[in-house]
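The first residue of the sequence shown is numbered 1, and numbering continues consecutively from there.
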Amino acid sequence: MLSLMGLATFYLFARSLQVCAWGSAVRAQLDPAVLPWLEEAAGVNAVCPQTTAIAPEQNSAFLETLEAHYATQDFKLKAYESLGGAIRIPTVAYDDLAPPGQDERWEIFGDLHLYLEQRFPLVHQNLRKTHVNKYALVYHWQGSNDSLKPALLTAHQDVVPVEPLTIDVWQHPPFSGYYDGEYIWGRGSCDDKPGLIGTLTAVEELLRIGFKPTRSIVLAYGIDEERGGISGATAIRDYLLKSYGEYGFSILVDEGGGYRVTDDVIMSTPGVAEKGKFDVRFEISAPGGHSSVPPEHTSIGMLAAVIKQLEDNPHTPHLNRTGIYYSLLQCQAAHDPGLPTRLRKLIERSRTSDRALAALEAELAKTDRLFGALAGTTQAADVVRGGVKTNALPERAEVIVNHRIDIHSSVSALKKRIAAVVQPVAARLGLKLEAFGEIVGEGNAEYESAGRLRISDAFGTALEPAPITPMGDGGPFKLLSGTIIGVLGASNRTGYDKKAFIAPGMSTGNTDTKHYWKLTKHIFRYGHINSADSYNGAHTVNEALRAEGFIEAIRFFTWIILNADESQLLE
């Protein structure tokens with residue numbers, strides 16, 4: 001049985017995850033006399049509780065002034081051009097960049113910095129700016145009360161490259177920043193120059209009307225999020241830890257989740273969790289020679305067998321009742337009347353029935369293409385190399401497989417599984433298998449003649465799943481949720497008068513926040529962009545953002561700054 005302290009801890013854990021039902025294994029550990037009380041206290045019968053809108057009170061006059069200003073055509077056109085101008089500066093993060101100062105391709109970031117100084121003069125006159133590792137930026141806006149932990153808003157300056165062969169497919173040039181009357185076009189319009197320009201715009205406008213913060217605000221902008229934050233976010237982390245200490249911030253808001261407007265409701269999904277990442281290299285070494293006398297399998301052929309074995313044995317996704325994705329489903333069932341009746345009933349029954357849970361998994365596997373990505377570990381063979389000439393046997397071939405690790409798993413568990421899955425193929429082909437520094441199986445002379453399969457961490461950047469941000473009655477989560485509800489409710493966009501609700505989201509990719517875990521426990525990956533305002537998504541051709549949607553993002557950043565400034569929900 002769990003001790004009283006254990007019960008208290010479990011209660012807090014349950015509330016933080018918005019758990020709606022206890023599994024049989026958990027129930028078995030609980031004292032039957034306290035189970036009904038615990039369920040009631042943890043809110044089992046209050047599925048996905050919601051907070052009300054939170055709007056600034058002491059700062060209400062500032063908000064009213066800016067809301068009216070943001071609705072004017074003059075402001076909108078200025079904001080659109082601010083984003084368009086940033087897009088026109090191609091701050092591409094290439095995977096093979098040398099450190100800042102050692103590669104001339106970084107110099108374009110200096111052009112962006114000059115642009116930001118010209119576009120946001122009040123920010124640069126009133127905030128303390130620090131260059132970190134040459135091109136990463138940190139701005140400190142001093143508040144009047146040093147006893148309050150600062151709020152941290154982050155984004156990244158860099159964008160992914162544009163495939164040259166696709167340029168003719170773009171409706172407008174990929175770095176044009178063109179506003180066509182509805183959309184702002186170009187690479188970075190969705191990811192993540194709205195976060196960069198949106199936060200700076202909000203601060204610039206607050207300074208313009210004379211707002212002076214009580215709580216300090218820090219803005220931090222990375223330079224290579226698109227290649228893992230190797231040079232930018234790591235340097236920002238070290239600088240902020242030195243300047244503010246571990247867990248020195250009250251809340252952190254970075255890019256990530258957004259909201260979706262349907263016929264019935266608006267669902268907002270701030271990211272409170274993030275999957276892990278592991279890039280694995282499978283390298284086969286085999287004897288060379290003239291291709292006119294080939295072995296049964298070349299290194300490339302053997303590599304193909306390894307890839308086939310991996311893809312024939314995908315990771316099986318599962319719903320976990322304590323998981324973020326499961327909580328999101330429960331929120332949809334509770335608050336989205338447009339959810340199909342069959343799916344709603346399965347979600348509701350799955351709280352207490354393992355059979356219904358299995359049926360829900362099967363239904364989602366058939367109907368939701370994101371099910372596998374949200375409910376388990378994924379694998380994707382992304383990079384293949386091998387061979388140098390058509391008449392020479394390839395002595396080396398490799399594939400790099402990207403994994404996104406389920407929040408209920410780990411790097412070590414993934415390593416063990418990979419070795420177990422690949423071992424039968426290595427044995428059949430007579431390959432000596434070395435998995436992550438250890439020889440797997442018994443080696444013999446045959447193996448040396450066939451070749452060697454070496455499995456390793458491709459780049460030394462393995463990442464465990466992120467810590468889950470506290471939810472439930474957690475002050476920062478409540479503040480963010482209430483702010484989102486308030487911003488949506490006060491919007492003048494058609495259709496935004498629908499009921500809005502918050503559901504916890506999870507990032508399947510990784511943002512710069514993977515380097516920021518020690519800055520605060522309250523990390524939220526949220527950009528307040530309507531999914532329908534993205535023309536074609538990020539990282540692809542015709543990336544574009546509906547201009548009115550960018551105004552909504554600016555409004556959100558304004559609200560979160562003003563709410564955080566006066567709220568008792570933050571430290």
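Contact record, Asp336 with Arg344: O-NH2, 3.0 Å, taken as the closest heavy-atom pair. Across all their heavy atoms, Ser350 and Gln330 have their closest contact at OG-NE2, 3.8 Å. Nearest approach of Thr469 to Arg525, heavy atoms of both residues: OG1-NH1, 4.3 Å. Between Lys275 and Gly376, the shortest heavy-atom distance links the atoms NZ-O, 2.6 Å.
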For residues 234-243, which side-chain donor-acceptor pairs fall under 3.5 Å, sequence neighbours excluded?
| from | atom 1 | to | atom 2 | distance (Å) |
| --- | --- | --- | --- | --- |
| Thr234 | OG1 | Ile230 | O | 2.6 |
| Tyr239 | OH | Thr130 | OG1 | 3.2 |
| Ser243 | OG | Tyr239 | O | 2.9 |

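Between the side chains of Thr483 and Asn563, at least one donor N or O sits under 3.5 Å from an acceptor N or O. Asn402 and Asp279 share a side-chain donor-acceptor pair at under 3.5 Å. Between the side chains of Thr513 and Asp254, no donor-acceptor pair of N or O atoms lies under 3.5 Å. With 3.5 Å as the limit, one finds no donor-acceptor pair spanning the side chains of Thr269 and Tyr526. In summary, the side chains of Asn510 and Arg404 do present a donor paired with an acceptor at a separation below 3.5 Å, with no hydrogens or angles considered. Between Glu552 and Ser491, the side chains place a donor N or O and an acceptor N or O closer than 3.5 Å (distance only, hydrogens not considered). Under the 3.5 Å distance criterion, with hydrogens and angles disregarded, no donor-acceptor pair is assigned to the side chains of Thr262 and Asp264. Under 3.5 Å, the side chains of Asp224 and His156 contain no donor-acceptor pair of N or O atoms. Judged purely by distance below 3.5 Å, without hydrogens or angles, the side chains of Asp406 and His408 never pair a donor atom with an acceptor atom.
Contact check for Glu274 versus Met506: no side-chain heavy atoms found under the 4.5 Å cut-off. In this structure, the side chains of Phe557 and Leu562 stay at 4.5 Å or more apart for every pair of heavy atoms.
Pairs of residues two or more places apart, or lying in two chains, that qualify as ring pair (Phe, Tyr, Trp, His ring centres under 6.0 Å) and include a residue from residues 333-364 are His335-Phe501. Residue pairs meeting the ring pair (Phe, Tyr, Trp, His ring centres under 6.0 Å) criterion with at least one partner in residues 339-369, sequence neighbours excluded, do not occur; the list is empty.
For Glu226, there are no salt bridge (charged side-chain N to carboxylate O under 4.0 Å, His left out) partners, not counting sequence neighbours. Considering only residues two or more places apart in sequence or on other chains, Ser216 meets the side chain to side chain contact (heavy atoms under 4.5 Å, CB included) condition with His140, Gln142, Pro150. Residues passing the salt bridge (charged side-chain N to carboxylate O under 4.0 Å, His left out) test with Arg342, sequence neighbours excluded: Glu363.
Residues Phe249 and Tyr516 keep their aromatic ring centres 6.0 Å or farther apart.
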Please step through salt bridge (charged side-chain N to carboxylate O under 4.0 Å, His left out) for the pair Asp354 and Arg321, ending with a clear verdict. CA-CA 10 Å; Asp354 290 342; Arg321 287 191 179 98; 2.9 Å; yes
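Taking NZ of Lys521 as the reference point, atom CD1 of Ile523 lies at 11.5 Å (rounded to 0.5 Å).
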